[in-house]
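For reference, the structure discussed in these notes is given below.
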6 protein chains.
Amino acid sequence: MLRNDERTYDELRKVKITKNYTKHADGSVLIEAGNTKIICTAMIEEKIPVFLKGQKKGWITSEYRMLPSSTVTRKIRDSSKGKIDGRNMEIQRLIGRTLRSIIDLKKLGERTLWVDCDVIQADGGTRTASITGAFIAIMDAVKKLKDKGLISEIPIDHFVAAVSVGVVNGQALLDLCYEEDSNAEIDMNVVMTEKGEYIEIQGTGEARPMNKEEFNKLLALSEKGIMELIEVQKRVLSD
Amino acid sequence: MLRNDERTYDELRKVKITKNYTKHADGSVLIEAGNTKIICTAMIEEKIPVFLKGQKKGWITSEYRMLPSSTVTRKIRDSSKGKIDGRNMEIQRLIGRTLRSIIDLKKLGERTLWVDCDVIQADGGTRTASITGAFIAIMDAVKKLKDKGLISEIPIDHFVAAVSVGVVNGQALLDLCYEEDSNAEIDMNVVMTEKGEYIEIQGTGEARPMNKEEFNKLLALSEKGIMELIEVQKRVLSD
Amino acid sequence: MLRNDERTYDELRKVKITKNYTKHADGSVLIEAGNTKIICTAMIEEKIPVFLKGQKKGWITSEYRMLPSSTVTRKIRDSSKGKIDGRNMEIQRLIGRTLRSIIDLKKLGERTLWVDCDVIQADGGTRTASITGAFIAIMDAVKKLKDKGLISEIPIDHFVAAVSVGVVNGQALLDLCYEEDSNAEIDMNVVMTEKGEYIEIQGTGEARPMNKEEFNKLLALSEKGIMELIEVQKRVLSD
Amino acid sequence: MLRNDERTYDELRKVKITKNYTKHADGSVLIEAGNTKIICTAMIEEKIPVFLKGQKKGWITSEYRMLPSSTVTRKIRDSSKGKIDGRNMEIQRLIGRTLRSIIDLKKLGERTLWVDCDVIQADGGTRTASITGAFIAIMDAVKKLKDKGLISEIPIDHFVAAVSVGVVNGQALLDLCYEEDSNAEIDMNVVMTEKGEYIEIQGTGEARPMNKEEFNKLLALSEKGIMELIEVQKRVLSD
Amino acid sequence: MLRNDERTYDELRKVKITKNYTKHADGSVLIEAGNTKIICTAMIEEKIPVFLKGQKKGWITSEYRMLPSSTVTRKIRDSSKGKIDGRNMEIQRLIGRTLRSIIDLKKLGERTLWVDCDVIQADGGTRTASITGAFIAIMDAVKKLKDKGLISEIPIDHFVAAVSVGVVNGQALLDLCYEEDSNAEIDMNVVMTEKGEYIEIQGTGEARPMNKEEFNKLLALSEKGIMELIEVQKRVLSD
Amino acid sequence: MLRNDERTYDELRKVKITKNYTKHADGSVLIEAGNTKIICTAMIEEKIPVFLKGQKKGWITSEYRMLPSSTVTRKIRDSSKGKIDGRNMEIQRLIGRTLRSIIDLKKLGERTLWVDCDVIQADGGTRTASITGAFIAIMDAVKKLKDKGLISEIPIDHFVAAVSVGVVNGQALLDLCYEEDSNAEIDMNVVMTEKGEYIEIQGTGEARPMNKEEFNKLLALSEKGIMELIEVQKRVLSD
């Protein structure tokens, strides 16, 4: 049975990653996954946060926001509400944690990589697409550091990408769009390296608990999707 | 090989749940898991949030905080910093999501259950102990509603508890204390029902990605721990 | 004498306006003026602010922000600083005032037009390009209202656009890029209708006061630029 | 005539002070005065605030909060409201002022004592019980300093305790519980040393002004109560 | 022995109260007590706060602030710091409590009196001068209500004024100026009615505890001062 | 045709500038323009903001606020709302920009001039009167620096003043009072030096665009008014 957008249950949406999307950031990417569009940028600052003083290593920090017009109903800005939305906070913590886990902060040296993921159009899967896109942005940024001779080797060992999976009407699906996501009984976000190892698994029984069989089916689907996403990343980076 | 506190790898810390810990809340519990101590309370408000108007159902919302003196180094209050800490936000969202998934909000009726988890002493596993304790607090609160004739049946179908597991120095361990947690390579929090179904799985490769074997070992450990915790909950509630 | 980017003193940067840039807003535009790139959107909400209750008219409100990666040095988000930047506030007040002055709020009916201008790449002239782009976004939004039969006529009578002018090294220049702007002795932003009437004039002697001759020269330059911008707007809207 | 809880007009509620209530703070106390229960902790930080730089002395600062579930109607957290409640502010200023007045900040040395009073159950008299309990917490903390050889003598000269008194239905009463307090015509909080000298007197005519006779009667009652509280403190410290 | 400004120990500073100081407020006073200068205003709003709905009575609320230039070292505005200063909060609570205790809120009717005390020059005693001045401002405001026929009688029964007293170098003094206040060992603010009854007594041992003899001496001094201030108030109101 | 207050179209309101209005600021002025009354002060701080470190020059910064009682309907304080009002922000940016443009910051030396404009009574033209008054305050402050030998010459070259003009019922008017301002079709604020050169021009078509003829008429009116204001400033400073 095909989905609304004609995809099969284990089919990713069309992914497109445009590098050098804006000119001031050290790495800058527009990632499109179906109708989800996110600007992911990485900027290098030759400074480290106070809590790292003297440790001879760098830092990666991340912020995630949605433009007010990115959603069907206008989303009020955090700055207008006067506080940061819990969901934004949760997502940017996930992105930062993921990126810190794949970069060698010693090799990065005493500098900070600021990663910003700004959703300009949302249609589900924004947190996972942010990770997939941010990976390319930081790769471009660290290459720039290497080209300038500021670091001697690329401090990133393996590719990483992320995807959402879920159960909708009893059917396990890969890469949920917004409509599917809002009807999902079970919802899972998976971040994985090219070696098929997990960086992060976040599974939630939204409407009901999930059993082990469902859980394993979803994990398998996510792995299939992530491997395809990493193919896209490799193609983009080799251009 | 025994752990610092003489436990085996698959042994829970001593758990103690004191009901009716304070007198104003509708459900009020002190949960102690080893040196971790948390006050979990549930208070009923005969009101619903605006976004539920007209839907004839209730709501559960949760807040999680740590007392400044609960940690080794004094933790600055969110109110003194002027903004809510990202970790607090993330944890209270997890608690709320978990509790909402096991309660029938229609049967709860048009009222709000406010759940507060205040850590008075932290030694690892505060988010999972909060869930295990909060479950008892809301059970007490809904029983009170039933005793008063405000609802006709208990709107909760199954028990739920949570535990942390992780890999420390290559060894999978159940129920990490703070020292273990801060040395963990891999860290996972699992929320599960008495039927062995998952409400939430959050696994993170802190220091390195995790492979599937490790992942499955951790899941098995967590299930063992949660089943024991649910035994404790059942004993406490039947008193 | 030519400028850095080979323009003559009275030459606009290349302007490109892409309509329907994102899919959820009622009007959505990417405006590019040289290297300045801004997403301008208009979203209709069927509601009015409290202070307009009973006046049988609508409202337009505007927000302006820059993405952190839009500038050479990363710009901290207002939401991370915990307060709205004075410059953002000033600019969004200008945009809102401008748009309110050209729309007939009675004819708009009891609804609010939310206009968001998000700079994704900054190279000078962002406030004026925001106005030029936002005009197209609100035109698209009110057309949608008319197409749905919610209003009987387009409540906007004339085109409006804006441009910056300034004196750099003693030379009056049209449409300053960032480098010119930061060296400008005198700086002026002009908002004008297609009839050559002023909506807003903001002239500032940054480094020294300006005399009347300079002032008049700048006004003439700005008029030339705005008339060309309105040509672009007309072309875009007739597509 | 006996009061609701069978006390005579000049009788304190049962007071219980549990030392070493939590393990991370340098001094940690649970004080119970009737149904009022407060965790008072003292934590030493080897640092002083900027305004004391170079003065070769220490500092004591205090924070007072109520858990949401400590009151009959759930009390919204300051961090959720986004600002510190005026009453909390007023009380923590009183606690800090009191403690600073009895400690020799020169002898404390260049360090800060952080005192936190967190009400876990409120039934009147929380600000005065906070002072009585915090005294024990700071005594324990400075003893720890002395035991470690960081200071050569205990920098506290005399005991201090506090109690509330008031006029309810024309009757002067010692140590008001919440119900009495909310019906009090006159309300007074007194902080006194073991020598019977005043650290702070705050008397308020809530419903009507108070005359001198009433005032003196209340002062006498408060002295009786405070002397008994200091007996309790001495007993607890000598254990 | 005379004080710096040639006063005897029991002498008030020169007090001047200018009525109708600004034109928009319903009551508006400039009170000068020596070099302390405060604008006290009362504005009537025909509305009550939500928590009084249905109680058929009014409300008084108060705000106290200092202009940045009112102090020797520029005082940062609360709005620039992003939070209300603890001292401002404490003082405005005192002013509000005092004024509420002398007005019959039933007779005031369902309206709010907004009292603002803005210190334009500070030289000690600003909180007590605020009360003395605010009394005149609210008298003028309620007279205006009576003149318009909105209330049938003045809802205020007795005059109220306030003064500071303290012990400086062992000497009890009336009405401390800033220099005296910053050297005071003991500090007390007293609010009293014309009948010699207390509305509020706040005594603090700043540098050391105070004994009963000192306390009584200070109370007597404050009564002398307040009776003189009430004479000034009566004269001003009868003009 | 005369205006409500009997002025002709090109007549300023009566202006009065009182120097040394309060005693702690280095320059302190009460400026009255008709019923508009503003306290403008300048305070010197021997410190510079971080971003100027090492540039061997000073800074001027400005804050503008209105007392709650300064307007017909009580104006809520920014500190009570928890954020700075957009209009206040815009005005204080204008004042700061103006003052920085007429002072030689190198000659001022490494210090900050804090300028505060606090409106105590508003009747239109508060931003322009703030500038006219603040000029005198900073002149007094820099004279004090010169008198103390801290600077060798007055770092201000020419006088500056500001005025509002506008079109009301088709008639161009000088120095609008509040009632005129709220009915103005076109509104302009002009800041000019004694040489007739512009520091800032801000013209807004409030109700409709303005044509060039109107614009020039308003500019001429503003120049007449400013020259008269500078006469007043010169008289005041020569006293």
Side-chain angles (χ1 to χ4, degrees), chain E residues 20-30 32 34-47 61-85 88-89 92 112-123 134 137 141 178, chain F residues 20-30 32 34-47 61-85 88-89 92 112-123 134 137 141 178:
Chain E
N20 302 319
Y21 187 66
T22 57
K23 71 171 196 172
H24 300 310
D26 297 296
S28 165
V29 149
L30 176 72
E32 299 169 81
N35 281 317
T36 287
K37 299 185 186 188
I38 306 167
I39 301 176
C40 305
T41 59
M43 296 186 94
I44 298 158
E45 189 187 25
E46 293 292 329
K47 232 184 173 174
T61 192
S62 169
E63 288 186 354
Y64 166 97
R65 292 290 186 286
M66 303 178 94
L67 290 205
S69 58
S70 66
T71 48
V72 175
T73 303
R74 185 175 180 275
K75 199 175 157 61
I76 299 173
R77 293 175 197 271
D78 287 5
S79 54
S80 300
K81 279 191 298 188
K83 60 180 174 183
I84 300 180
D85 185 72
N88 286 348
M89 193 88 94
Q92 70 191 21
T112 298
L113 261 180
W114 289 90
V115 174
D116 288 284
C117 298
D118 285 272
V119 178
I120 62 177
Q121 190 173 282
D123 189 25
Y178 177 73
Chain F
N20 302 320
Y21 188 65
T22 57
K23 71 170 193 171
H24 298 311
D26 298 294
S28 166
V29 149
L30 175 71
E32 299 170 81
N35 282 318
T36 287
K37 298 183 187 190
I38 306 167
I39 300 176
C40 303
T41 59
M43 295 186 96
I44 296 159
E45 189 187 24
E46 293 292 327
K47 231 184 176 176
T61 191
S62 170
E63 289 187 355
Y64 166 98
R65 293 292 185 284
M66 304 178 94
L67 290 205
S69 59
S70 67
T71 47
V72 175
T73 304
R74 185 177 180 275
K75 197 174 159 65
I76 299 172
R77 292 178 199 269
D78 287 3
S79 54
S80 300
K81 279 190 298 188
K83 59 178 176 185
I84 301 180
D85 185 73
N88 287 349
M89 192 86 95
Q92 71 191 23
T112 298
L113 263 180
W114 288 91
V115 174
D116 288 284
C117 299
D118 285 272
V119 179
I120 63 177
Q121 190 172 284
D123 189 24
Y178 178 72

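FYI, side chains are in, hydrogens and waters are out, and symmetry mates aren't considered; it's all heavy atoms of this structure. Each chain gets a letter, A, B and so on, in the order the sequences are listed, and its residues count up from 1.
No other option in F/D78, F/D116, F/D123 has as many heavy-atom pairs under 4.5 Å with chain E as F/D116. Per-residue heavy-atom pair counts under 4.5 Å with chain E were compared for F/S28, F/A122, F/A42, and the maximum is reached by F/A122.
Counting all heavy atoms, side chain and backbone alike, F/M43 lies closest to E/P68 at SD-O, 3.9 Å. Closest approach of F/Y21 and E/Q121 over heavy atoms only: O-OE1, 4.4 Å. Of all heavy-atom pairs between F/H24 and E/S69, the closest is CB-O, 3.8 Å. For the residue pair F/I120 and E/T22, the shortest heavy atom distance occurs at O-CG2, 3.6 Å.
For chain F, the nearby part of E/T41 is the side chain; its heavy atoms alone come within less than 4.5 Å. Contact annotation for E/E63: both backbone and side-chain heavy atoms come within less than 4.5 Å of a heavy atom of chain F. With a 4.5 angstrom heavy-atom cutoff, F/N35 touches chain E only via side-chain atoms. Looking at E/K37, the atoms closer than 4.5 Å to chain F (heavy atoms on both sides) all sit in the side chain, from C-beta outward.
For F/K47, the NZ atom sits in a loose shell: 12 or fewer heavy atoms of surrounding residues, nucleotides or ligands are nearer than 6.0 Å.
Partners of E/T71 under the side-chain hydrogen bond (donor to acceptor under 3.5 Å, both in side chains) rule, at least two apart in sequence or in another chain, do not exist in this structure. In this structure, the salt bridge (Lys or Arg N to Asp or Glu O under 4.0 Å) partners of F/D85, at least two apart in sequence or on a different chain, are F/K81.
The pair F/D118-E/R77 counts as a salt bridge, with a side-chain nitrogen and a carboxylate oxygen less than 4.0 angstrom apart.
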